[in-house]
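Working notes, beginning with the structure itself.
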Amino acid sequence: MKQYRNAIRSQNLLKKALLDLLKEMDISKVTVKMVCDKSDLSRNTFYHHYADVYDILEEVQKELEEKCISSLDSVMQSESLGQVHSFFKTIFDFVSENLDSIKAILQNDNGGRFVERIKVVMIKRALRDNEAFHIKDERGYVIFLGIIFSGVLDLIKQYIYHKTDLTKDEIADEAYKIFMAGYNIYAD
């Protein structure tokens, strides 16, 4: 059991070191040596867990994606439009809780891929309840969701980089209002 805890501890130290470095530079400039120096772990330990720095980044992104899914699933239990407001609020709560990690990822070239993955997660979660929401035009609704969630992700970036004076709750409220206006076009 001790060895297992040590492995988790080492992986967490390596992930934290990478995220700290990503705040200062692009992933393409980060070396294994830099991550090892920052985490105070050996290269042997690094290579025991990861192939390269991109491998760590991929794991961090997957963990964030899984956290996002878990957060969204927790609010998508009922079949009412009231959950949609909670859905948007949960997205911004998730961002606030994981602000440093998300910001470090977004500051890098690889951030676009991560944003696209999160957008797909949000769309899939929203589509899961199509029947309950009486969607009459599924094709149009999918396009609508893509536009809505692209906008939400842009608002997340504005929120992260302090380019808006709105609070996360105010942004969630506005996203909900916009969603509801568009939803009425695609629902029975």
Side-chain angles (χ1 to χ4, degrees), residues 1-77 83 86-126 128 149-150 152-164 167-169 171-172:
M1 188 69 167
K2 177 94 169 143
Q3 194 171 23
Y4 178 69
R5 278 188 291 204
N6 283 339
I8 291 172
R9 182 185 157 280
S10 295
Q11 289 171 324
N12 287 337
L13 287 170
L14 291 166
K15 287 185 260 189
K16 183 179 179 335
L18 177 68
L19 289 172
D20 288 345
L21 290 165
L22 290 179
K23 292 174 189 173
E24 303 166 15
M25 65 188 72
D26 190 74
I27 186 75
S28 63
K29 305 273 190 262
V30 177
T31 66
V32 170
K33 182 181 180 339
M34 294 164 89
V35 173
C36 291
D37 289 346
K38 189 96 168 160
S39 65
D40 203 26
L41 294 170
S42 71
R43 291 171 67 92
N44 283 340
T45 301
F46 180 95
Y47 286 115
H48 180 73
H49 299 289
Y50 301 105
D52 55 28
V53 294
Y54 293 95
D55 199 17
I56 299 176
L57 181 60
E58 180 67 23
E59 186 171 308
V60 169
Q61 289 177 342
K62 280 183 181 175
E63 287 174 2
L64 282 170
E65 188 177 333
E66 288 167 10
K67 278 180 164 178
C68 184
I69 289 168
S70 177
S71 296
L72 293 175
D73 283 349
S74 71
V75 297
M76 298 298 283
Q77 300 301 321
Q83 77 181 3
S86 296
F87 182 88
F88 287 113
K89 185 169 174 358
T90 299
I91 291 168
F92 283 93
D93 288 344
F94 167 77
V95 169
S96 290
E97 291 163 11
N98 298 283
L99 192 62
D100 288 341
S101 299
I102 293 171
K103 192 173 185 179
I105 290 168
L106 291 179
Q107 287 177 186
N108 284 273
D109 292 337
N110 205 329
R113 200 175 102 202
F114 174 70
V115 167
E116 192 58 33
R117 284 168 51 176
I118 294 299
K119 182 171 115 180
V120 168
V121 165
M122 291 189 296
I123 290 172
K124 283 182 179 178
R125 289 302 176 268
R128 214 171 41 183
F149 292 130
S150 291
V152 166
L153 289 164
D154 187 58
L155 288 170
I156 287 171
K157 289 177 190 175
Q158 289 180 36
Y159 172 74
I160 286 172
Y161 296 112
H162 308 290
K163 293 183 178 179
T164 180
T167 67
K168 65 183 173 103
D169 290 334
I171 295 170

Point to revise | side chain to side chain donor-acceptor pair (under 3.5 Å) partners of N98, counting only residues at least two apart | key: K67
Practice item. With sequence neighbours left out, write down each residue that passes side chain to side chain donor-acceptor pair (under 3.5 Å) with K15, or none if nothing qualifies. Key: E59, E63
**Study point:** Residues K168, E97: salt bridge by 4.0 Å N-O rule
**Key:** no
Any side-chain heavy-atom pair from [X] and [Y] closer than 4.5 angstrom?
X    : Y    : answer
R117 : K62  : yes
L57  : L22  : yes
S28  : Y54  : yes
I105 : V115 : no

Mind checking what makes side chain to side chain contact (heavy atoms under 4.5 Å, CB included) contact with [X], not counting sequence neighbours?
X    : result
L155 : F92, Q158, I171
V120 : E116, K124
T90  : S71, L72, V75
I69  : E65, D73, V121, R125

The criterion is salt bridge (charged side-chain N to carboxylate O under 4.0 Å, His left out); which residues satisfy it with [X], sequence neighbours excluded?
X    : result
K89  : D93, D169
E24  : K38
D100 : none
D20  : K16, K23

Review point. Stepwise, does the side chain to side chain contact (heavy atoms under 4.5 Å, CB included) test hold for V53 with M34?
Key: CA-CA 10 Å; V53 294; M34 294 164 89; over 6 Å; no
Review point. Going through the checks in order, is the side chain to side chain contact (heavy atoms under 4.5 Å, CB included) test met by V35 and Y50?
Key: CA-CA 11 Å; V35 173; Y50 301 105; over 6 Å; no
Point to revise | Contacts of Y159 that satisfy ring pair (Phe, Tyr, Trp, His ring centres under 6.0 Å) - sequence neighbours left out | key: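 Y159 satisfies ring pair (Phe, Tyr, Trp, His ring centres under 6.0 Å) with no residue once adjacent residues are dropped.
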Review item, side-chain donor-acceptor pairs of residues 7-14, under 3.5 Å, at least two apart:
unit_1	atom_1	unit_2	atom_2	d
S10	OG	N6	O	3.0
Q11	NE2	H49	ND1	3.4
N12	ND2	I8	O	3.4

Review point. Between atom CZ of F46 and atom NZ of K33, what is the distance when rounded to the nearest 0.5 Å?
Key: 13.5 Å
